[in-house]
*Asks:* 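Mind having a look at this structure? Questions to follow.
Below, all heavy atoms of this structure are taken into account, side chains as well, without hydrogens, waters or symmetry copies.
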Amino acid sequence: MTLPPPRGGLPAVRPVDNQWPHPPELPAPVLSDQRWLDAVFLHWRIDVSVAARFMPAGVRPDVFDGSSWVGLIGFRMDQAGLGRGPGIPYVGSFNEVNVRLYSRAPDGTRGVVFLSLDANRLPVVMATRAAGIPYVWSRILRWPAFPVGAGGLPMSSAEAGTTASDGGAFPVGYSVRRFGGTRAGSDFTVVPRLGAAAADPLSVFLTARFGMHGRFFGRTAFIPNTHSPWPLFDAAVHTLADGLVESAGIKAEGPPESVLYSPGVHTRFGRPRLLGSQRPG
């Protein structure tokens, strides 16, 4: 998520989540077109009461196997642009690492609630923070370094053949160091098992998320997106030293219960809508 809601307020409509886990159609207009590459998903089980403290008004924690879940997710934002237009040079491509929870609205719509989003593009951080999205300016490195494909565009690790198959030795991950007075940071890498596709119910629950719930203009709103299902692969933790989850106010115990890798998806974002109001027409 990189773009703030449009100026002039939000339309009062109610989302309907009757297709999940299938990708929903995105009502016009499209606000942003993006690619998310080399995504690493680490997830821990937490108490529902802990997640509930961070939910926007009118939204409750989504639950799987009797628990809520907190995620540490790193990926490469690539060619983010306005509307259906081309990616914005420099600003539209960057590394991001976020900490998120999983939410559900009264009508059943599933989403995510971001506790923090670290990015290494200051203009992106400034624009999104002005809209109430908790971005943080950080230095973020990615391993391995992005190879360059046709036309000078970066490839995902899977496209370049640099991710590991079973028994390989090519970890993929991210390193975060926040600028400013805080010492919060994170280092994590995983070894993908490209021969082990992940389609279990927990993996679907954690990744079939087509929007975010948040507080905008003093109200709870939902920013929708759509994309094809993530191509997911099981992965093994290679290195993990994280301070971002605890910095967000949550204590994750032990190793992550779910570890996933995806080469990426193409996604589009739609217009934000207020929670709890009727969709017109």
Side-chain angles (χ1 to χ4, degrees), residues 1-5 30-42 71-100 112 114-160 162-163 171-180 182 184-190 207 209 211-212 214 223 225 227 230 242-245 247-248 261-269:
M1 178 65 219
T2 64
L3 295 177
V30 171
L31 294 189
S32 180
D33 186 285
Q34 311 172 0
R35 290 201 306 165
W36 298 335
L37 302 180
D38 279 324
V40 175
F41 302 86
L42 305 178
L72 176 68
I73 292 92
F75 66 97
R76 170 74 174 174
M77 178 75 70
D78 185 50
Q79 301 181 62
L82 297 175
R84 298 176 183 268
I88 302 172
Y90 180 74
V91 174
S93 297
F94 55 90
N95 297 325
E96 178 178 316
V97 174
N98 62 63
V99 177
R100 72 188 198 186
V112 302
F114 289 111
L115 303 185
S116 64
L117 306 96
D118 287 73
N120 59 345
R121 289 290 184 267
L122 182 57
V124 171
V125 172
M126 294 176 66
T128 51
R129 287 186 69 87
I133 302 173
Y135 266 87
V136 180
W137 187 31
S138 301
R139 178 176 179 265
I140 305 179
L141 301 179
R142 177 202 166 278
W143 294 291
F146 269 97
V148 176
L153 297 176
M155 295 185 291
S156 71
S157 292
E159 291 173 323
T162 57
T163 49
V172 179
Y174 297 85
S175 175
V176 182
R177 295 295 180 271
R178 288 179 173 172
F179 295 118
T182 177
S186 186
D187 294 283
F188 57 96
T189 58
V190 304
T207 62
R209 298 285 155 168
M212 65 165 286
I223 302 180
N225 69 59
H227 54 75
W230 287 93
D242 176 66
L244 298 183
V245 172
S247 179
Y261 166 80
S262 177
V265 293
H266 173 204
T267 186
R268 287 174 173 165
F269 280 88

*Asks:* Taking the side chain as C-beta and beyond, is there a heavy-atom pair between Trp143 and Pro171 under 4.5 Å?
*Replies:* no
*Asks:* I'd like to know if the side chain of Ser32 reaches the main chain of Gly81, judged simply by a donor and an acceptor atom lying under 3.5 Å from each other, with no hydrogens or angles considered.
*Replies:* yes
*Asks:* So do the side chains of Val190 and Leu42 get within less than 4.5 Å of each other, counting heavy atoms only?
*Replies:* yes
*Asks:* A side-chain contact here means heavy atoms from C-beta on lying under 4.5 Å apart; do Arg76 and Ser93 qualify?
*Replies:* yes
*Asks:* Compare every heavy atom of Ala39 with every heavy atom of Trp230, then report the nearest pair and how far apart it is.
*Replies:* CZ3-CB, 3.7 Å
*Asks:* State which residues pass side-chain hydrogen bond (donor to acceptor under 3.5 Å, both in side chains) with Thr207; sequence neighbours excluded, sorted by chain then number.
*Replies:* none
*Asks:* Measure the spacing between CG of Leu117 and OG1 of Thr128 and express it to the nearest 0.5 Å.
*Replies:* 7.5 Å
*Asks:* Are Val97 and Phe188 side-chain neighbours, meaning at least one heavy-atom pair lies under 4.5 Å?
*Replies:* yes
*Asks:* Just jot down the side-chain contact (heavy atoms from CB on, under 4.5 Å) partners of Thr267, sequence neighbours excluded, or say none.
*Replies:* Gln34, Trp36, Asn225, His227, Phe269
*Asks:* Considering residues at least two apart in sequence or located in another chain, which fulfil the side-chain hydrogen bond (donor to acceptor under 3.5 Å, both in side chains) criterion with Asn120?
*Replies:* none
*Asks:* Taking only residues two or more places apart in sequence, or in another chain, which ones meet Arg268 in a side-chain hydrogen bond (donor to acceptor under 3.5 Å, both in side chains)?
*Replies:* Asp33
*Asks:* Report the distance from atom CD1 of Ile140 to atom CZ of Phe75, rounding to the nearest 0.5 Å.
*Replies:* 9.5 Å
*Asks:* Report the distance from atom CG of Asn95 to atom CG of Leu141, rounding to the nearest 0.5 Å.
*Replies:* 7.5 Å
*Asks:* Sequence neighbours excluded, which residues qualify as side-chain contact (heavy atoms from CB on, under 4.5 Å) partners of Ala184?
*Replies:* Arg178, Thr182, Leu244, Ser247
*Asks:* Mind checking what makes side-chain contact (heavy atoms from CB on, under 4.5 Å) contact with Val112, not counting sequence neighbours?
*Replies:* Arg100, Tyr102, Phe114, Arg209, Met212
*Asks:* To the nearest 0.5 Å, what is the distance between CE on Met77 and CD on Glu96?
*Replies:* 5.0 Å
*Asks:* Is Asp187 salt-bridged to Arg177, going by a charged N under 4.0 Å from an acidic O?
*Replies:* yes
*Asks:* Indicate yes or no: at least one non-hydrogen side-chain atom of Tyr261 is less than 4.5 angstrom from one of Asp38.
*Replies:* yes
*Asks:* Keeping the roles fixed (side chain from Asp118, backbone from Ser138), state whether a donor-acceptor pair exists under 3.5 Å.
*Replies:* no
